[in-house]
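Atoms within a ligand are numbered from 1 in the order they appear, just like the ligands themselves.
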Amino acid sequence: MPRGAYQGRMLSYQHAYHAGNAADVHKHTVLSVLLEMLTRKARRVTYMETHAGRGLYDLSGAEAAKTGEAATGIARATLPDGPYARAVSACRARDGETTYPGSPLIAAELLRDGDRIALMELHPGEHGQLRTTMRGTGAEVHRRDGFEGVRALSPPKPRKGLVLVDPSYEIKSDYADAARFAKGLLGRWAEAVILIWYPILATPRHRDLLDPLRPLSPFVHEVDFPATRAGGMEGSGLALLNAPFGAPARITEAIAATEGCFRRPD
Ligand code: SAM
């Protein structure tokens, strides 16, 4: 396989341009709620990611400045007390006030000794940085295709666990592929809690993800963004399969208490 390519596709997406945007605030708030719920009982858990990114971002860097997305996300948000706010504060106290944690670092912050973290990241540069970021956390960091890697490690030990599916949706088929992956994974690991993020665009491509999942009755949570440039993201969505008991109410509550970056109903 040529460097930087997967099945003929170039890996051009870099999350550093988007880190800390309103979609990250949505996704990471919900992820944090779920991690907190899954670790309330003594039983250990496995946390896996199909598309991990580099794990730590500098919002004062050139990438964040170029898009300005963090400025309309985490920089503008007022977070309620809770696991997400704790993870962001811990990252800033350790790595610097202008940093922002990616999902792997949020998980490392909220999970316990004895919980397992396995992360897939295919881009060589992002993977290298992720290894550095996760050093000392005990996380397994794999450079392999996310769907293939998580499938190969499933069902994991411990068997109780959560999978975050967070592709970059650069091509149209990514939506249907994510749904196919989630359904296939439940065939191997029936109790997996699966959280799938998707962008909401003017063209409702996310129907290709949600329609095939409908028989599994996912909990779907969506937010709108206040102002969108033409062709940009209009909102952010999450589909949750095997939602833990009480999770929908806690998720709704946590997002309702987050001020500043989501459009409220008139
Ligand atoms: N989950 C991260 C977070 O919330 O902090 C952000 C991940 S970003 C949206 C998507 C990542 O997937 C990019 O870093 C990209 O390099 C990686 N990627 C793209 N194709 C992949 C594949 N087939 N398998 C694994 N990772 C891939």
Let me check something: any side-chain donor-acceptor pairs from residues 80-88 under 3.5 Å, sequence neighbours excluded? List them with distances.
from: Tyr84; atom 1: OH; to: Tyr100; atom 2: OH; distance (Å): 2.7
from: Arg86; atom 1: NH2; to: Glu36; atom 2: OE2; distance (Å): 3.2

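- In this structure, CG on Leu213 lies 9.0 Å from CG on Leu186, to the nearest 0.5 angstrom.
- A centroid separation of 6.0 Å or more is found between the aromatic rings of His127 and His142.
- Side chain of Asn242 to main chain of Ala190: a donor-acceptor pair is present (N/O by atom type, distance under 3.5 Å, no hydrogens or angles).
- Checked against a 3.5 angstrom limit, the closest N/O atoms of Asp145 and ligand 1 fall inside it.
- Here is the list of ligand 1 atoms found below 4.0 Å of a heavy atom in Gly102: 5 (O).
- Below 3.5 Å of separation, one finds no N or O of Ser168 facing any N or O of ligand 1.
- Which parts of ligand 1 touch Ala52 is read off a 4.0 Å heavy-atom cut-off, strictly below it: atoms 1 (N), 2 (C).
- Atom CZ of Arg131 has 12 or fewer heavy atoms from other residues, nucleotides or ligands within 6.0 Å.
- Close to ligand 1: His28, with a non-hydrogen atom less than 4.0 angstrom away.
- For the pair Ser103 and ligand 1, the shortest N or O to N or O distance falls below 3.5 Å.
- On a distance-only criterion, Gly146 and ligand 1 share at least one N/O pair closer than 3.5 Å.
- A ring-ring contact (aromatic ring centres under 6.0 Å, His included) with His51 holds for exactly one of Tyr169, Phe181, Trp197, Phe147; it is Phe147.
- Comparing Gln129, Lys27, His51 against atom 21 (C) of ligand 1, the shortest heavy-atom distance belongs to His51.
- The heavy atom nearest to atom 14 (O) of ligand 1, out of those in His123, Glu121, Arg54, is found in Glu121.
- Less than 4.0 angstrom separates some heavy atom of Gly53 from each of these atoms of ligand 1: 7 (C), 14 (O).
- Looking at residues two or more places apart in sequence or on another chain, you find a side-chain hydrogen bond (donor to acceptor under 3.5 Å, both in side chains) between Glu191 and Arg159.
- Cluster membership check: Leu210 shares its hydrophobic cluster with Val163, using side-chain heavy-atom separations under 4.5 Å among Ile, Leu, Val, Met, Phe, Trp and Tyr.
- Every heavy atom of Ile106 sits 4.0 Å or more from the atoms of ligand 1.
- Distances between N or O atoms of Leu164 and those of ligand 1 include no value under 3.5 Å.
- Using a 4.0 Å heavy-atom cutoff, Arg144 is listed among the residues neighbouring ligand 1.
- At distances below 3.5 Å, not a single donor-acceptor pair connects side-chain atoms of Asp208 with backbone N or O atoms of Ala176.
- Under a 4.0 Å criterion applied to the non-hydrogen atoms of Glu49, ligand 1 contributes the atoms 1 (N).
- For ligand 1, none of its N or O atoms has an N or O atom of Glu126 under 3.5 Å away.
- Between Tyr13 and His18, the ring center distance clears the sub-6.0 Å criterion.
- Heavy-atom contacts of Thr50 reach the following atoms of ligand 1: 25 (C), 26 (N) (cutoff under 4.0 Å).
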